[in-house]
Asks: 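Got a structure for you, written out below as structure tokens; questions coming shortly.
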Number of protein chains: 2
Amino acid sequence: MNKKTSTPTMKDVAREAGVSLGTVSNVFNGAQVSESYKIKVEEAARKLGYKVNRYARGLKTNQTRTIAFICPGTDHPFFADMANYISKALQEQGYRMMLAVTQYSPDMEQKCIQMVTENKVDGIIALTYNPDLIIDENLPFVSIDRFYSESVPCISCDNYAGGTLAARKLCELGATKLLFFNIAPAVSGEPDKRQAGFESWCRFHNVPFESIVSSDDQAFRPFLNLVRDRIHDGKPDFDGIFCNTDKLAYVICQILKENGISVPEDVQVIGFDGINMFGDNMMPCVSSIVQPVEQMALQAVSMLLSADRTHLPTLTCLPVRYRPGGTTREDFVKEYIYGNGEKEPN
Amino acid sequence: MNKKTSTPTMKDVAREAGVSLGTVSNVFNGAQVSESYKIKVEEAARKLGYKVNRYARGLKTNQTRTIAFICPGTDHPFFADMANYISKALQEQGYRMMLAVTQYSPDMEQKCIQMVTENKVDGIIALTYNPDLIIDENLPFVSIDRFYSESVPCISCDNYAGGTLAARKLCELGATKLLFFNIAPAVSGEPDKRQAGFESWCRFHNVPFESIVSSDDQAFRPFLNLVRDRIHDGKPDFDGIFCNTDKLAYVICQILKENGISVPEDVQVIGFDGINMFGDNMMPCVSSIVQPVEQMALQAVSMLLSADRTHLPTLTCLPVRYRPGGTTREDFVKEYIYGNGEKEPN
DNA sequence: AAATTTTAATGAAACGTTTCAAAAAATGAC
DNA sequence: GTCATTTTTTGAAACGTTTCATTAAAATTT
């Protein structure tokens, strides 16, 4: 019967309700409309099964209430959690989320930005590694874990504090000779501060340590070699390791075990990220400095959507916390005497 | 200088290049245009930094090259992996992905469908639980793990075969008294077939078994109670457990350990999903029936985008495989004699 | 070189909204 | 009951594309 089989438009609703197009628009936008007209329009809309066409609306209003989240991929729990929280927060505010994955490729990062820009998103939250990323100044942008410039707000956890916390915890739990293992892409970012924090704490407290960095994202060999070199008569000459990610921490534990070293008895290990597989159900997991993923996500969303974007902080560091797991000896707590002679606050 | 500070449009490009609007459009759409004009247009576009406005294009062409993926949330590795593969596949084909999370709420599932429909996505891939979901017949839709109707293609792994495989493996590895643990939302779906497959194999091979189902998504108590009841003099009266998810398997292992039962020596456990934390780096993980997540994702995308959507299969089951982990005794392999007197193929 | 055919370029209309100036209706004051 | 004022409703224009019927130009044939 219907002339058109396609989805009904506002024009159809207007005809059905016997009012003008503008009135229909006013109803849906909460403008002043008499009660009787309002009812007529709403009834017609229901009857026809009318749904707003956001593409048409976006064209006219120049805002789409869609934002993009760009990250390497949701195959890593940290990114997956981030995507989840961001998506949830956006939906609650009536926004939609476009997910773009880059697989750590700088080219893809740029391409994704282009892609979502064409799609007229209202803003971008990005977790990128390309230091030369070209960012359109006119499009609201919030960066996670990478500082670009004064005009691009960056959100991260307090990586420096996380580094010091890891060092402190290891020592409190009885470790005396520490190692820092860092596996990371070649470019620098906020997470580098984990190392700085760790080293600075060790130096200040006169704890011997060593840092080993592998810039190849997949290469565990440097760590493997080092571990082997350091085992004399079946005993390692270190007793605490801080890894810059939980993933690395798991691998290191594996390596240690394969070399006959037991964790946490011989060597204690602390990771970074606070990945909790399957909620909190899976114990034991690696002991870790946990990032406040949810708060970071909420902060990113709120900054991106903030009405006044002219006075946003350049860098926002959210607090981390220590989560005991199966790779540290929580039974062993040493009242560690700190440099200034007092116990530091937790 | 520029009259307008906003992003340049095709009209601006046309003016800059000294050609008509239609010609600019033709250039970007690969229609027949003389070489000289083409160059003029492309140069003008580059100079102005022109980017197509996909909202305007979508309005006119009625297709947005955006598809929606709806799932409970990317906080679960299975969904996260699925999202990742789908997103990747779509991007490779020039599509964008909108992610909508439902947190297992039937209402949210419907709301998400409404939301992405308004957004004029070209199709939906959904992993939903609401059995009464209203699906618009005119919008391409592919369901994962839930069968809706003949007109909605459903993709899943071969859950039934997975169930039989789990039972078979447990027996091959020496288990003789089996348990099936199922924790699931109250509604039925393809994954229910895991139980059917498991039970049927056990019955056919005369292996004693018992199935325990908890319909409350979070309630592990039934399993805990059962395990305790079944321990006499420190020894359980079962020696193999098949859990319908890896997550549950981890919890069960935990429960067993807390009750003084060692895995896999006393009891062997097999989960379902094949979640691999952090790629393949983390060993040991739970032994598992692994779902072909990537193939499922690719299949879903290809079906959704298929040119001829009239002859799509109603249900597509992709093959599963067994992945040994730390919760089974791979050292113990019994040449199990099957019902028909022959060794079944793997 | 004129007539014909083929090819390329043009510009107006349309997609489904919002917006806004103008018209119409309702209300209030006298 | 008229006029002034306020409130509500209307309908055309615009957003940035694509499409398509025309027109113009080029190529081919006579």
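Within every chain, numbering begins at 1; the chains are lettered A, B, ... in the order of the sequence lines, protein sequences first and strands thereafter.
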Asks: To the nearest Å, how far apart are B/Asn62 CG and C/dA14 C1'?
Replies: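 Value for this atom pair: 12 Å.
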
Asks: In whole Å, what is the span from the NZ atom of B/Lys120 to the P atom of C/dG16?
Replies: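 After rounding, the reported distance stands at 8 Å.
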
Asks: Does the side chain of A/Ser34 get closer than 4.0 angstrom to OP1 or OP2 of D/dT7 through an N or O atom?
Replies: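 Answer no for this pair, as no side-chain N or O of A/Ser34 is under 4.0 Å from OP1 or OP2.
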
Asks: With sequence neighbours left out, what residues match B/Tyr129 under ring-ring contact (aromatic ring centres under 6.0 Å, His included)?
Replies: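 ring-ring contact (aromatic ring centres under 6.0 Å, His included) check on B/Tyr129 returns B/Tyr104.
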
Asks: In whole angstroms, how far is the C1' atom of C/dC15 from the CG atom of A/Asp12?
Replies: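 Going from A/Asp12 (CG) to C/dC15 (C1'), I get 13 Å.
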
Asks: Please state how far atom CG in A/Asn53 lies from atom P in C/dA14, giving the value in whole angstrom units.
Replies: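 After rounding, the reported distance stands at 18 Å.
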
Asks: With under 30° as parallel and over 60° as perpendicular, where do the rings of A/Phe79 and A/His76 fit, or are they tilted in between?
Replies: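 The rings of A/Phe79 and A/His76 sit tilted, inter-plane angle from 30° to 60°.
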
Asks: Starting at CG of B/Leu48 and ending at P of D/dG16, how long is that distance when rounded to a whole Å?
Replies: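 It is 13 Å, rounded to the nearest whole Å.
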
Asks: Measure from NZ or CZ of B/Lys40 to the centre of the six-membered ring of B/Tyr37, then state whether that distance is under 6.0 Å and the direction lies within 45° of the axis.
Replies: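 The answer is yes, since B/Lys40 meets both limits relative to B/Tyr37.
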
Asks: All N/O contacts under 3.5 Å from nucleotides 18-27 of chain C to the protein, with atom names and distances to one decimal?
Replies:
{"from": "C/dT18", "atom 1": "OP1", "to": "A/Asn29", "atom 2": "OD1", "distance (Å)": "3.4"}
{"from": "C/dT18", "atom 1": "OP1", "to": "A/Asn29", "atom 2": "ND2", "distance (Å)": "3.4"}
{"from": "C/dT18", "atom 1": "OP1", "to": "A/Arg57", "atom 2": "NE", "distance (Å)": "2.8"}
{"from": "C/dT18", "atom 1": "OP1", "to": "A/Arg57", "atom 2": "NH2", "distance (Å)": "3.2"}
{"from": "C/dT18", "atom 1": "OP2", "to": "A/Ser25", "atom 2": "OG", "distance (Å)": "3.0"}
{"from": "C/dT18", "atom 1": "OP2", "to": "A/Asn29", "atom 2": "ND2", "distance (Å)": "3.3"}

Asks: Does this structure show an ion pair linking B/Arg146 with B/Glu190, if we count only N-O contacts that are shorter than 4.0 Å?
Replies: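 Between B/Glu190 and B/Arg146 there is no salt bridge, as every charged N stays at least 4.0 Å from the carboxylate O atoms.
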
Asks: For B/Gln291 and B/Asp273, which I'm curious about, is there any donor-acceptor pair between the side chains at under 3.5 Å?
Replies: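 A donor-acceptor contact under 3.5 Å links the two side chains.
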
Asks: Heavy atoms only, 4.0 Å cut-off, all strands: where does B/Lys38 land among base, sugar-phosphate and nothing?
Replies: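 Nothing: the residue B/Lys38, judged by heavy atoms under 4.0 Å, touches no strand.
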
Asks: Within less than 4.0 Å of OP1 or OP2 of D/dT10, is there a side-chain N or O belonging to A/Ser20?
Replies: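 Indeed, a polar side-chain atom of A/Ser20 lies that close.
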
Asks: Take the protein atom CG of B/Leu59 and the nucleotide atom P of D/dA14, then report the distance between them rounded to whole Å.
Replies: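 Rounded to the whole Å, the gap is 17 Å.
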
Asks: Taking B/Lys51 first and then A/Glu118, would you say they form a salt bridge - that is, a charged N and a carboxylate O separated by under 4.0 Å?
Replies: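 Answer for the salt bridge query: no.
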
Asks: Under 4.0 Å, heavy atoms only, any strand: does B/Tyr37 hit a base, just the sugar-phosphate, or nothing?
Replies: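 Counting heavy atoms under 4.0 Å across all strands, the contact made by B/Tyr37 is with sugar-phosphate only.
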
Asks: Can you check the A/Gln63 CD to C/dT17 C1' distance for me, whole Å?
Replies: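 So the two atoms are 13 Å apart, to the nearest Å.
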
Asks: Report the distance from atom NZ of B/Lys40 to atom C1' of C/dA8, rounded to the nearest whole Å.
Replies: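 That distance rounds to 12 Å.
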
Asks: At under 4.0 Å, does any side-chain N or O of A/Gln32 touch on OP1 or OP2 of D/dT7?
Replies: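 So the side-chain polar atoms of A/Gln32 never come under 4.0 Å of the phosphate oxygens OP1 or OP2 of D/dT7.
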
Asks: Indicate whether the side chain of A/Thr128 and that of A/Tyr148 have a donor and an acceptor atom separated by less than 3.5 Å.
Replies: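 Yes, side-chain donor-acceptor contact under 3.5 Å.
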
